[in-house]
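What follows is a single structure, written as structure tokens, with notes after it.
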Amino acid sequence: MAGVDRRTPIRDLLTNANAGADVTVTGWVKTSRFSKNVSFVHVFDGSTPKTVQIVLNAELAEQFKAELGIGAAVRIHGAWVQSPGGEQSLEVSATDVTIVGQTHPSDYPLQKKRTSLENLRTMAHLRPRTNTMQSVFRVRNALANNIHRFFQDRGFMWVHTPILSTADAEGAGEMFRVLHGDDPEFFGGPAYLTVSGQLNVETFGQAFTDVYTFGPTFRAEKSNTPRHACEFWMIEPEIYFANLDDVIALATDFVKTVTKATIEQCPDDFAFFNKFIEKGLLDSLNAAISADFARVTHDEAQDILVATGKKWEFKVGRGESLQAEHERYLAEEHFKGPVFVTDYPMEQKAFYMRLNDDQRTVAATDLLVPRIGEMIGGSQREERLDVLDDLFRRHNVPGEDYEWYRDLRRFGSAPHGGFGLGFERMLMWITGMKNIRDVIPYPRTPGQAGY
RNA sequence: GCCUGUUUAGCUCAGUUGGUUAGAGCAACGGACUGUUAAUCCGUGUGUCGCCGGUUCGAAUCCAGCAACGGGCGCCA
């Protein structure tokens with residue numbers, strides 16, 4: 001039973017249309033129905049949203065009835081046969097049943113019926129067994145894989161930027177302090193968990209041309225929203241000999257290619273999301289990735305908002321900042337799809353973004369998408385040392401803390417840019433899930449890191 | 001950080017102007033029945049009404065405090 005042939009994944013089994021084979025299935029009971037002559041047990045193993053139907057004769061049913069309730073771990077040996085039932089063409093006619101791990105339905109915290117996502121968060125150890133979480137995490141895996149494949153196919157190098165950092169002012173948010181119990185000076189000073197790999201990856205971009213990061217990142221902000229977590233994964237490509245147009249072209253290619261590949265790989269999971277999580281999800285995703293992404297400047301976006309004549313909670317107009325309500329209006333109602341907003345006022349963006357010729361705006365862009373808001377934030381970086389120093393001053397950032405970053409502008413500087421994409425936000429966009437906590441295996445939010 | 005809501009059975013929730021033994025659906029349990037598909041039918045209520053005080057003859061219900069968990073906004077991805 002050990003080794004490579006220890007089981008047939010249910011996903012593979014269900015694609016085998018040839019009846020007659022001897023098969024072994026391992027997994028957990030999803031539901032079971034017993035009667036005098038014939039009984040049915042549905043088993044899942046995580047390889048597919050579908051279950052395989054196991055048929056038991058009266059003798060086996062009598063023997064195992066008490067132990068085949070929801071949640072039990074089982075190994076079933078039997079024949080792969082035609083099914084008279086209406087909802088599957090083949091099924092396993094069991095000859096041997098082994099109860100590998102017992103459970104009792106009356107104690108089991110999950111039930112055959114619907115359970116709220118909120119309640120599931122209180123049992124992080126069991127929620128992966130539910131239909132929704134099964135689909136979410138299969139798609140999370142496929143999305144991650146497709147992201148790597150997108151970059152690898154285009155010759156990008158994956159750079160493992162550090163998790164620990166002593167830089168405390170990267171302009172991307174509050175940081176978690178890392179303390180060594182006995183030695184506060186372990187790193188020669190305060191150390192923190194990274195809020196972004198972008199500055200670090202630039203070093204490698206200036207040596208390998210096209211690079212990206214893909215890893216965890218940490219924000220110590222007490223954000224209490226369905227879109228924020230203290231620990232999340234981020235993708236940050238950085239390309240050299242490139243300008244903002246190249247960054248936008250890359251981001252467009254990225255979103256379209258990766259989304260399309262993931263939908264194609266997980267048809268059953270997307271059918272589930274489309275039916276139970278977000279009605280019309282597939283239509284809206286397919287429409288988004290087959291149309292051109294809109295593109296407007298920050299000034300134009302503000303003009304659009306002013307022209308609506310709507311009463312906004314926050315002020316609109318050139319020079320004002322785009323709030324969530326504005327971003328949502330632009331993506332959902334005005335452009336009805338993803339839209340790049342470019343050329344933000346300098347003071348609204350990070351110090352490293354490239355100053356435009358108007359001396360007022362920077363070559364930055366955010367990609368706004370329906371339901372999510374900001375999914376990507378990117379820019380061309382300031383490659384001119386004198387201008388960078390000026391930006392340090394204007395942003396009140398101590399340039400002396402970034403000598404190594406300034407060095408990059410001294411030794412073979414080249415125009416470059418990139419973007420940061422919140423992995424979970426993209427996952428929410430393609431699955432229709434409404435809360436970031438429900439697309440992370442173990443969500444970390446303020447007050448919540450138990451397990 | 002600001003604003004706001006929820007907390008009653010295993011789950012999802014109802015519970016009137018404060019009133020006697022606290023309810024429904026589903027789950028679970030017992031039984032019947034069926035090539036069934038979250039099967040169906042019959043039967044059974046399993047509860048510190050989040051916690052702690054207060055008001056009252058009487059509190060799930062009113063008041064104060066606390067806690068947990070959500071939602072909106074900000075910060076951002």
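Residue numbers start from 1 in every chain, and the chains themselves are labelled A, B, ... in the order their sequence lines are given, proteins ahead of strands. Worth saying up front: this structure is predicted, and the values here are computed from it rather than measured.
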Touch class at under 4.0 angstrom, heavy-atom based, for [X] against every strand present:
X        : value
A:Tyr108 : nothing
A:Glu424 : nothing
A:Ala324 : sugar-phosphate

Suppose we define a pair by two distances each less than 3.5 Å, Watson-Crick or G-U wobble; what does [N] pair with here?
N      : result
B:rU16 : none
B:rC41 : B:rG31
B:rC49 : none
B:rC69 : B:rG5

### Message
Both A:Glu118 and A:Gln323 contact RNA chain B. Taking the nearest nucleotide for each, which residue is further toward the 5' end?
### Response
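Counting from the 5' end, the first nearest nucleotide belongs to A:Glu118.
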#### Entry: Sequence-distant partners of A:Ala73, side chain to side chain contact (heavy atoms under 4.5 Å, CB included), two or more places apart
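Scan of A:Ala73 (side chain to side chain contact (heavy atoms under 4.5 Å, CB included), adjacent residues dropped) gives A:Trp28, A:Val100.
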Any donor-acceptor pair under 3.5 Å between the side chain of [X] and the base of [N]?
X        : N      : value
A:Ser223 : B:rC75 : yes
A:Ser106 : B:rG10 : no
A:Gln88  : B:rU36 : yes

### Query
Under 4.0 Å between a side-chain N/O of A:Lys112 and OP1 or OP2 of B:rA27, yes or no?
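No, because none of the side-chain N or O atoms of A:Lys112 sits under 4.0 Å from OP1 or OP2 of B:rA27.
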### Query
Just how far, in rounded Å, is P of B:rC75 from CZ of A:Arg219?
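My rounded result for the distance is 14 Å.
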### Query
For A:Trp80, which of A:Thr8, A:Val52, A:Asn18 qualifies under side-chain contact (heavy atoms from CB on, under 4.5 Å)?
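Among A:Thr8, A:Val52, A:Asn18, the one that satisfies the side-chain contact (heavy atoms from CB on, under 4.5 Å) with A:Trp80 is A:Val52.
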### Reading 5' to 3' through nucleotides 44-51 of chain B, protein heavy-atom contacts under 4.0 Å coded B for base, S for sugar-phosphate only, - for none
--------
